[in-house]
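The next block holds one structure in the form of structure tokens; read it before the comments.
Index from 1, following the sequence.
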Amino acid sequence: MTDSTYVVRRPLDRKPLTKKAGPRFEQLDLELTERCNNNCIHCCINREANDAQAQAREMTTEQIEGFLRQAADLGCLQVRVTGGEPLLRKDFQELYIYARRLGLKVLLFTNACLVKPELADLFVRIPPLAEIEITVYGMHRESYEAVTRSPGSFARFQRGINLLLERKVPLAVKWVILPQNKNEVAEFEAWAGTIPRMTGRLPSYVVSLDLRNRRDDEERNACIQSLRLTPRDSLEILTRDVVKYKRSMEEFASRFMGTSGDKLLACGAGCSLCIDAYGCAQPCMGIRAPEWTVNLIPVSSSAQKGKSVPGACASETGGQSAGLKDALSRFSRICDLSSTNPEYLRRCARCFLKGLCEQCPAKSWTEHGTLDTPVEYLCEAAHAQARYIGWLGENEYGWEVMNWRERISGERLEE
């Protein structure tokens, strides 16, 4: 089979195109490695590119292809490939072609530093069918490399993204807002607007920095916390165009604001599956809790036996491997997860700002090692926005407001 014959025809009864019983499977998140060619100051997952211990524990090519095949057979239509930096894997091109031959769309998350002409040509010959998402850390060498702590990375990033742009490979860029680059946001937006498919469309931003979800490095977590923007700093960036911001918030409020009660999840968890670099599945990459982790690779596997990595998964299966269908069935139960934490029930369950706040079990897990402990950092940011817009008084909290519908659906916010 040649590279050009990657399409697989499937019958129309393939899930999720029908309403057959069983959990939907909308997307497979596949973490190829935790290693990265950069050493970003804010990263919640990265290990060094030459970390031999981590590399030895990573899934083999055959294991990954097996999971891709299972996903396609279960009706999954898209695989989101991430890391670390997934392009560090020497078998990336082989895995990419395999996924596309299965008919899967491939959504690639990358820093673009390792994109070479051969890979860019492959994306032209066999399109991923989803925009490649590239994270940008600065518009100049000084700011970019202050974040990546990798000399020469800015030039490598420029070369990689230009190879893709020259070949008209569909891509989108996103930005992590940090003290080192926060003054370059306007410059970034102007540049992003020149990229095909991004004209007239704002890029996405990472504002709330996640701690390490393996909860394995307090020193790094302290560094990440020190880089977080204050609510005031976040507001300054969000409200650069006050009129546009307030109008967007009016639309947002009409769709997403409201209390959630004791229900913990309002996202797509339960309809997707995440596999980490070592063959363990979770409902999402942020929730590494042992009770929501399933080992997909037998302990006797030659790639796994006798080796360990700090933070590697412990499975509720007691060391026995499970297939994707079994894991997906188990994780479908997470949609019904409810809080038992009195503080969460007092605050988050009753707060009409829940749609504005990023509080979720994944955030709670990374911060506290539980699934339903309020995250003060996120709470403060949400309340700062609500007070700026006028939904709250200076000393009010979202969980205290009973007439919140009147507040968000009243007269248009003043410009």
| task | Name all pairs fulfilling the salt bridge (Lys or Arg N to Asp or Glu O under 4.0 Å) condition that reach into residues 171-183, sequence neighbours left out, sorted by first residue then second. | result | Glu133-Lys174, Lys182-Asp233
| query | If you take all heavy atoms of Ser150 and Arg156, which pair is closest and at what distance? | reply | OG-NH2, 3.1 Å
| task | Look at the aromatic rings of Phe157 and Trp191 and report parallel, tilted or perpendicular, splitting at 30° and 60°. | result | perpendicular
| message | Checking side-chain polar atoms at under 3.5 Å, does Tyr245 have a donor or acceptor matched by the opposite partner on Arg240? | response | no
| Among Arg201, Lys105, Arg80, the one residue meeting salt bridge (Lys or Arg N to Asp or Glu O under 4.0 Å) with Glu131 | Arg201
| request: Count the heavy atoms belonging to other residues, nucleotides or ligands that lie under 6.0 Å from CG of Asp241, then report whether that count exceeds 12. | output: yes
| query | What class does the angle between the rings of Tyr137 and Tyr144 fall in, given that below 30° is parallel, 30 to 60° is tilted and above 60° is perpendicular? | reply | perpendicular
| task | Measure across Gly279 and Ile297 and return the closest heavy-atom pair with its distance rounded to 0.1 Å. | result | CA-CD1, 3.6 Å
| task | Looking only at non-hydrogen atoms, find the nearest pair between Pro86 and Val81 and report the distance. | result | CB-CG1, 3.8 Å
| query | Any donor-acceptor pair under 3.5 Å linking the side chain of Arg47 with the backbone of Gln55? | reply | no
| query | Is there any ring pair (Phe, Tyr, Trp, His ring centres under 6.0 Å) pair reaching into residues 359-386, and which pairs are they, with sequence neighbours excluded? | reply | His383-Tyr397, His383-Trp399
| What residues form a salt bridge (charged side-chain N to carboxylate O under 4.0 Å, His left out) with Arg89, not counting sequence neighbours? | Glu58, Asp91
| request: Please state whether the rings of Phe256 and Phe252 are parallel, tilted or perpendicular, taking 30° and 60° as the class boundaries. | output: tilted
